[in-house]
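Written out below as structure tokens is the structure these notes cover.
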Amino acid sequence: MHKISKLAVLTSGGDAPGMNPCIRSVVRTAIYNKLQVVGIRRGYQGLIEDDMYDMEARSVSNILNLGGTILKTARCLPFRSDEGMEIAYQNLKKHGIDALVVIGGDGTFTGALRFSKKFPDIAVMGVPGTIDNDLYGSTYTLGFDTATNTVIEAIDKIRDTADAHDRLFFVEVMGRDSGAIALRAGISCGAEAILLPEKATAIEDLIKNLKTGSSNKKSSSIVIVAEGDKNGGAYDIAKKVQKEVKSYDVKVTILGHLQRGGSPSAFDRILGSRLGFAAVNALLSGKSQMMVGLEANHIKITGLEEALNQHEFKLEEDLMQMAEILSI
Ligand SMILES: Nc1ncnc2c1ncn2[C@@H]1O[C@H](COP(=O)(O)OP(=O)(O)O)[C@@H](O)[C@H]1O
Ligand SMILES: O=P(O)(O)OC[C@H]1O[C@](O)(COP(=O)(O)O)[C@@H](O)[C@@H]1O
Ligand SMILES: [Mg+2]
């Protein structure tokens, strides 16, 4: 069993609103339990470059409302190599760090699992932080709620102008491999169609559906396209559709990185606080190579191996069907 005295925390991969409340929770729960705490800058990059600093309770004052991450984040290529991992390990040993909380997504956890298998004397606990909501073991990941609300606010505005001009808008949202934001935003904004990476949509079917909408006196239409949809980006799809659907003037909006910013929602602040608290307590109880999550409003602890193996996103067919019916 791991007995820990000095804990480090990092954020890695795409930033997500809610990471700051989680960092605050990790730091203060650790200090409450008489642990020393170190913050690592820019995820695994800081681990390799020895870019870390001691944190106190006041280091995380007034950050609950901030988007992004005070620790900064990065996508770090060198950590994928054995040499990079060895340097990271030596830096942790040098500072006497014996436990690591990693806040990130599937890539971050893949790295954490490999690292932990190579160096099992460092206890590792994952916290799911990604707007993509694509991890097994937690119904929601940090940032997904805020990002979806940001998308909804933007699409509501687009709907106003689409309606005023009788236009058809293609709105591209984030999610290279995940349609989670697209599906929730589609239901919330009454999209006429939702295109996801997890499900192939034939352009001919989309065109038929939009023509039916137009003949059913729909004055405007919105199609949400997740960036990873297999038909290509929103611009390509819009071009193909405009050729066939003459009744609408077609426009495209790519929402891009604004989806990742902004003050975390109440949901993400509470989720971040709960998961950070749970992560430190799990480490204190001797657990390692695991991830803390929330399911049915209870903390659930899942092995990193299992979280990654079961990772395959299950398309929520029932929600897709409902969205189609409600948009007739
Ligand atoms: N197979 C791997 N081995 C080691 N490290 C990895 C691996 N996959 C990802 N990582 C590390 O995790 C970081 C974050 O992963 P990424 O997929 O970019 O974001 P996320 O964690 O949000 O899914 C990568 O930049 C890399 O440093
Ligand atoms: O900011 P980048 O590096 O262009 O990455 C964009 C990707 O990051 C995300 O916003 C979040 O993904 P991760 O959590 O896996 O990093 C994806 O939705 C998007 O495809
Ligand atoms: Mg990811």
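Counting starts at 1 for both ligands and their atoms, in listed order.
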I'd like to know whether ligand 2 has [X] as a neighbour, heavy-atom separation below 4.0 Å.
X: Gly107; answer: no
X: Gly14; answer: yes
X: Gln259; answer: no

With the threshold set at under 4.0 angstrom, would you say Gln45 reaches ligand 1 through any of its heavy atoms? no
Could you tell me which atoms of ligand 2, counted from 1 in the order shown, lie closer than 4.0 angstrom to a heavy atom of Gly175? 18 (O)
Which residue and non-hydrogen atom of the protein lie closest to [atom], and at what distance in Å?
atom: atom 13 (P) of ligand 2; result: Thr130 OG1, 3.8 Å
atom: atom 9 (C) of ligand 1; result: Gly107 O, 3.1 Å
atom: atom 18 (O) of ligand 2; result: Asp132 OD1, 2.7 Å
atom: atom 8 (N) of ligand 1; result: Arg80 NH1, 3.3 Å
atom: atom 9 (C) of ligand 2; result: Arg260 NH1, 3.4 Å
atom: atom 13 (C) of ligand 1; result: Ser12 OG, 3.6 Å
atom: atom 21 (O) of ligand 1; result: Thr108 OG1, 2.5 Å
atom: atom 20 (O) of ligand 2; result: Glu227 OE2, 2.6 Å
atom: atom 4 (O) of ligand 2; result: His257 NE2, 3.4 Å
atom: atom 1 (N) of ligand 1; result: Thr110 CG2, 3.5 Å
atom: atom 3 (N) of ligand 1; result: Arg114 NH1, 2.9 Å
atom: atom 5 (N) of ligand 1; result: Gly111 CA, 3.3 Å
atom: atom 7 (C) of ligand 2; result: Arg176 NH2, 3.5 Å

Can you find a pair of side-chain heavy atoms, one from [X] and one from [Y], that are under 4.5 Å apart?
X: Leu66; Y: Ser263; answer: no
X: Ser116; Y: Ser288; answer: yes
X: Val223; Y: Phe169; answer: no
X: Leu113; Y: Leu308; answer: yes
X: Phe109; Y: Val102; answer: yes
X: Val173; Y: Glu227; answer: no
X: Tyr136; Y: Thr302; answer: yes
X: Val60; Y: Ile23; answer: yes

Any nitrogen or oxygen of [X], main chain or side chain, under 3.5 Å from a nitrogen or oxygen of ligand 1?
X: Asp106; answer: yes
X: Cys76; answer: yes
X: Gly129; answer: no
X: Gly105; answer: yes
X: Thr130; answer: no

Evaluate Ile131 for polar contact with ligand 2, using N/O atom pairs at a separation under 3.5 Å. no
Determine whether the aromatic ring centres of residues Tyr44 and Phe115 are separated by less than 6.0 angstrom. no
Is it the case that the side chains of [Y] and [X] hold a donor-acceptor pair, with the cut-off being a distance below 3.5 Å and no angle test?
X: Arg184; Y: Asn149; result: no
X: Tyr248; Y: Ser214; result: no
X: Thr141; Y: Asp132; result: no

Hey, which N, O or S atom on Asp106 ends up closest to the Mg ion (ligand 3)? OD1
Please check: side-chain N/O of Thr253 versus main-chain N/O of Val171, any donor-acceptor pairing under 3.5 Å? no
Part of Arg75 within contact of ligand 2 (heavy atoms, under 4.0 Å): side chain
Tell me which one of Phe115, Phe109, Tyr44 gets a heavy atom nearest to atom 11 (C) of ligand 1. Tyr44
Under 4.0 Å between a Lys/Arg side-chain N and an Asp/Glu carboxylate O for Lys93 and Asp121? yes
